[in-house]
K.L.:
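The following block contains the structure, expressed as C-alpha cells.
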Amino acid sequence: MKESISERLADATARAGEPPREIVEKLLIDVAGLCVAARNTDYVRAALAGWEASGKCTAIGHARALDSAGAAFVNGTAAHGEDFDDTFEGGPVHAGAVIVPAVLALCEREKIPGEKALRGIAVGVELTCRASTVAPKLIHKAGFHPTAVLGAMGAAAAAGTVLNLSKPEFVNALGIAGSMASGIIEYLAEGTWTKRMHPGWAAQSGIRAADLARNGFVGPRTVFEGEHGFFHGFAHTTSGDWGKLLDGFGKRWVTETVAFKLYPCGTMTHPYIDCARRLGKRVKFEEIEEIVCEAAEGTLHRLWEPLAAKQRPPNAYAGKFSTPYCIAAGFVLGNAGLDAFTDERVADPRLRALAAKVRYAVDPDNPYPNEYTGHMRVRTRDGSVVEERQPHLRGGAHEPLSRADVEEKFRGNCAYGGWSAAQADAFLARAKNAFGAAPVDLSAFRK
C-alpha cells in the first residue's frame, strides 16, 4: 500500500533536525504582544465569555484560566484579531497565531518542557506554511480562509509532536483535523468578526484532534490527497504540488522566511502603504486627482472589490481589508498603525475623499503570491504624474525584522493593551528562556 502524505509527514517530523530557534522565539514574542494589544477589545471579551470550560491554562492578559482548548481559542483569536500577526508570503497564511497558542496551551496543561514546545511550534508552522503552497490561490478562490483550514492541520501536527504521538496516532490526528477545519471568508462582506476567530478555532481543533487520536480515535490516512480529501474540499483539486509540502520537511525550514507585519491590516496592502507614505512627502493629498495602482488579480476579491465598497469601508475592521482606505491612511496620517483602524478614523471625511480617488489596474505579471509588491501612479490637478514602487514586503525575507525590531513592536502592543513597561519586561525576560528544560508556565501573565 502506497504511503500517504500524512504518513510521510509523520516520518519527516520524527526525523526533523534542529528547529529554527531564533524565528520561533520571535513568533512567541510577537504573538504574546498581539494578545495583550487586543485583550480589552469587545471581540476578545466575547470570545472569553463565550467559552464555558475553565481549567489551568493561560489566556494572556486575563485573570481567568481556561482549559487548553479555551486558552488556545482565546489567544489565537486575540493574536489575529487586529490583523497584525506574521504572514508567510507564499501562501498567504498566518501560522503563528494558530500554532503558538495551541502549543503553549497544550504544554501548559501537560507541564511539558519548553524545549518540546520549540519543536512543536516549528513543526506546526512549517506544515501550515508549506501546505499553503501546494495549490496556490485555490483555497481563497474556493471561498475559504487558508489560515483557518490549513492552521487546523498545522496545529494537529504541532500537538502530535509535543504529545509524542506514535506514527499511527499522528496520522490519525491529521485525519481527524481535516474534518474539524473550517473558516469561510464571508466576513469580507461587512467587516464582521469571524476571521478574527479563525486561528483560535484552528488552534483548539488541533488540540482536540491530537487528544482524540491519542485515545484511539481513527481518521482518514489519505486526508490530504484523497478523492474526498482536504484539498478536494477546500481547494477543489487533488493534484497539488506535494513536493512543496514534503521535500526537505524538517531539514530545510521555510519557517525561517516568515514575515512580521509592520501595519495591522491585510498584508498585501503593506507595499501600497509604503508607497503612499513616501508620496505623502512629495504630494499634498488635497491636490490629488486620481491614484491608479497596479494590482495582482489574486488579491482583487479580498482587497479591491467591490471597489465602491472598498472606497467606503463601513467600519474599522473592514478598513483593514480595503487597499483604498489603507492608501488614504498612509497619505493623510503618514502611517497606518493601530490608531488608523478605528471607526472614527474610517469615517474621517479626508480619508474617505482620498480613498474614493483610488482605483486599480490588473498587472498580469505581478508575482503574487510569491512576492508582495506595490505600485502607485498619482495624477494631480495640474496634470502632473508622480509614481512610486515598493518591490517587496518589508518585514519579510527581503527585509526581515531583527529580534530588537520585534521586541520594539511587542512593547508598543503591550502599551496599547494596557500593560506596564515592567510587565512587558517580565515577559521578554521569560521569553529568553522559554524553550529550555522548564515546563511551560504562563500563569504570571494572567493580568
K.L.:
Measuring centre to centre across the rings, with the benzene-like ring taken for any Trp, is Tyr187 within less than 6.0 Å of Trp193?
P.N.:
no
K.L.:
Kindly check if the number of other-residue, nucleotide or ligand heavy atoms within 6.0 Å of NZ (Lys167) is above 12?
P.N.:
yes
K.L.:
Side-chain contact, heavy-atom cut-off 4.5 Å: Thr133 with Phe88?
P.N.:
yes
K.L.:
So which heavy atom on Val258 is nearest to which on Cys129, and how close?
P.N.:
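Between these two residues, the closest heavy atoms are CG2-SG, 4.1 Å.
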K.L.:
Do the numbers put Lys195 on top of the ring of Phe321, so that NZ or CZ is under 6.0 Å from the six-membered ring centre and no more than 45° off the axis?
P.N.:
no
K.L.:
If we ignore hydrogens and angles and just use 3.5 Å, is the side chain of Asn172 paired with the main-chain N or O of Gly219 as donor and acceptor?
P.N.:
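Yes.
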K.L.:
Check whether more than 12 heavy atoms from other residues, nucleotides or ligands sit under 6.0 Å from atom NE2 of His228, and answer yes or no.
P.N.:
no
K.L.:
If you define the side chain from C-beta out and look only at heavy atoms, does anything of Leu9 sit under 4.5 Å from Leu127?
P.N.:
yes
K.L.:
Could you verify whether a donor N or O on one side chain and an acceptor N or O on the other, from Arg277 and Tyr263, lie under 3.5 Å apart?
P.N.:
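A pair is found: one side chain offers a donor N or O, the other an acceptor, under 3.5 Å apart.
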K.L.:
A quick test of your reading: do over 12 heavy atoms of other residues, nucleotides or ligands sit less than 6.0 Å from CH2 of Trp201?
P.N.:
no
K.L.:
Can you check whether Tyr368's main-chain N or O pairs, donor with acceptor, with Glu371's side chain at less than 3.5 Å?
P.N.:
no
K.L.:
Quick one: does Lys56's side chain get under 4.5 Å of Asp441's, heavy atoms only?
P.N.:
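Lys56 vs Asp441: side chains apart.
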K.L.:
Under 3.5 Å, is there a donor-acceptor pair between the side chain of Asp405 and the main chain of Ser402?
P.N.:
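Flag set: sc Asp405 to bb Ser402 pair under 3.5 Å.
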K.L.:
Do the side chain of Glu169 and the main chain of Ser166 share a donor and acceptor less than 3.5 angstrom apart?
P.N.:
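Judged by distance alone, yes, a pair lies under 3.5 Å.
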K.L.:
Asp339 versus Tyr416: any side-chain heavy-atom pair under 4.5 Å?
P.N.:
no
K.L.:
Mark yes or no for whether Lys26, through its side chain, and Val406, through its backbone, hold a donor-acceptor pair below 3.5 Å.
P.N.:
no
K.L.:
Would you call Ser443 and Arg446 a side-chain contact if the rule is heavy atoms closer than 4.5 Å?
P.N.:
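Yes; the side chains approach each other to less than 4.5 Å.
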K.L.:
Hydrogens and angles aside, do Glu305 and Tyr360 bring a side-chain donor and acceptor to less than 3.5 Å of each other?
P.N.:
yes
K.L.:
Keeping the roles fixed (side chain from Lys409, backbone from Ala404), state whether a donor-acceptor pair exists under 3.5 Å.
P.N.:
no
K.L.:
Kindly determine whether Tyr43 and Tyr317 satisfy ring pair (Phe, Tyr, Trp, His ring centres under 6.0 Å), including the steps that lead there.
P.N.:
CA-CA 11 Å; Tyr43 61 89; Tyr317 195 56; 7.5 Å; no
K.L.:
Under a 4.5 Å cut-off applied to non-hydrogen side-chain atoms, are Glu294 and Thr373 in contact?
P.N.:
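When only atoms from C-beta onward are counted, Thr373 and Glu294 do not touch, as no gap falls below 4.5 Å.
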K.L.:
For the backbone of Ala131 and the side chain of Lys244, can you confirm whether one donor and one acceptor N or O come within less than 3.5 Å of each other?
P.N.:
no
K.L.:
Take His80 and His94 through the test ring pair (Phe, Tyr, Trp, His ring centres under 6.0 Å) and record every step on the way to the result.
P.N.:
CA-CA 8 Å; His80 188 59; His94 307 279; 4.9 Å; yes
K.L.:
Side-chain donor-acceptor pair under 3.5 Å between Thr237 and Ser239, yes or no?
P.N.:
yes
K.L.:
Does one side chain, of Glu399 or His392, offer a donor that lies under 3.5 Å from an acceptor on the other?
P.N.:
yes
K.L.:
Just wondering, more than 12 heavy atoms not from Arg64 lying within 6.0 Å of its CZ?
P.N.:
yes
K.L.:
Is there a donor-acceptor pair under 3.5 Å between the side chain of Arg302 and the backbone N or O of Gly298?
P.N.:
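Side chain of Arg302 to backbone of Gly298, a donor-acceptor pair under 3.5 Å: yes, one is there.
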K.L.:
Working note: Arg278 + Glu388, criterion salt bridge (charged side-chain N to carboxylate O under 4.0 Å, His left out); need CA distance, chi angles, decisive distance, verdict.
P.N.:
CA-CA 8 Å; Arg278 293 197 291 267; Glu388 191 69 62; 3.1 Å; yes
K.L.:
Hey, are Glu108 and Thr58 close enough side-chain-wise for a donor-acceptor pair under 3.5 Å?
P.N.:
yes
K.L.:
Is there a salt bridge (charged side-chain N to carboxylate O under 4.0 Å, His left out) between Glu407 and Arg403 once you walk through the steps?
P.N.:
CA-CA 6 Å; Glu407 288 185 357; Arg403 184 179 179 121; 3.1 Å; yes
K.L.:
If you count every heavy atom of other residues, nucleotides or ligands that lies below 6.0 Å from Glu3 atom CD, does the total exceed 12?
P.N.:
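Yes, because the 6.0 Å sphere around CD of Glu3 holds more than 12 heavy atoms from other groups.
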K.L.:
Can you measure from CG (Asp274) to CD1 (Ile327) and round to the nearest 0.5 angstrom?
P.N.:
11.0 Å
K.L.:
Should Cys275 and His375 count as side-chain neighbours, where that means a heavy-atom distance under 4.5 Å?
P.N.:
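No - every pair of side-chain heavy atoms lies 4.5 Å or more apart.
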K.L.:
Under 6.0 Å from the NZ atom of Lys141, do we count more than 12 heavy atoms belonging to anything else shown?
P.N.:
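Counting other residues, nucleotides and ligands, NZ of Lys141 stays at 12 neighbours or fewer.
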K.L.:
For the CD atom on Glu190, are there more than 12 heavy atoms of other groups (residues, nucleotides or ligands in this structure) within a distance under 6.0 Å?
P.N.:
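Counting neighbours around CD of Glu190, 12 or fewer heavy atoms of other residues, nucleotides or ligands fall under 6.0 Å, so no.
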K.L.:
Can Asp247 and Trp242 be said to form a side chain to side chain donor-acceptor pair (under 3.5 Å), step by step?
P.N.:
CA-CA 8 Å; Asp247 292 350; Trp242 302 113; over 6 Å; no
K.L.:
Hey, could you give me the NE2/CG distance between His398 and Leu393, rounded to the nearest 0.5 Å?
P.N.:
9.0 Å
K.L.:
Do any N or O atoms from the side chain of Ser4 and from the backbone of Arg221 form a donor-acceptor pair under 3.5 angstrom?
P.N.:
yes
K.L.:
Measure from NZ or CZ of Lys261 to the centre of the six-membered ring of Phe84 and say whether it is under 6.0 Å with the direction within 45° of the ring axis.
P.N.:
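Not satisfied by the 6.0 Å and 45° rule.
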K.L.:
Do Met376 and Gln390 come within less than 4.5 Å of each other through their side chains, counting heavy atoms only?
P.N.:
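No; the side chains remain at least 4.5 Å from each other.
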K.L.:
If you measure only the distance, is there a donor-acceptor pair under 3.5 Å linking the side chains of Glu225 and Thr222?
P.N.:
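Their side chains do not contain a donor-acceptor pair, so the 3.5 Å distance test is not met.
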K.L.:
What's the spacing between Leu174 CG and Thr13 OG1 if we round to 0.5 Å?
P.N.:
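Between atom CG of Leu174 and atom OG1 of Thr13 there are 8.0 Å.
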K.L.:
Distance only, no hydrogens: is a donor on one side chain within 3.5 Å (strictly under) of an acceptor on the other, for Asn413 and Trp419?
P.N.:
no
K.L.:
Checking Glu25 side chain against Ala431 main chain: does a donor-acceptor pair fall under 3.5 Å?
P.N.:
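Checked: no pair found.
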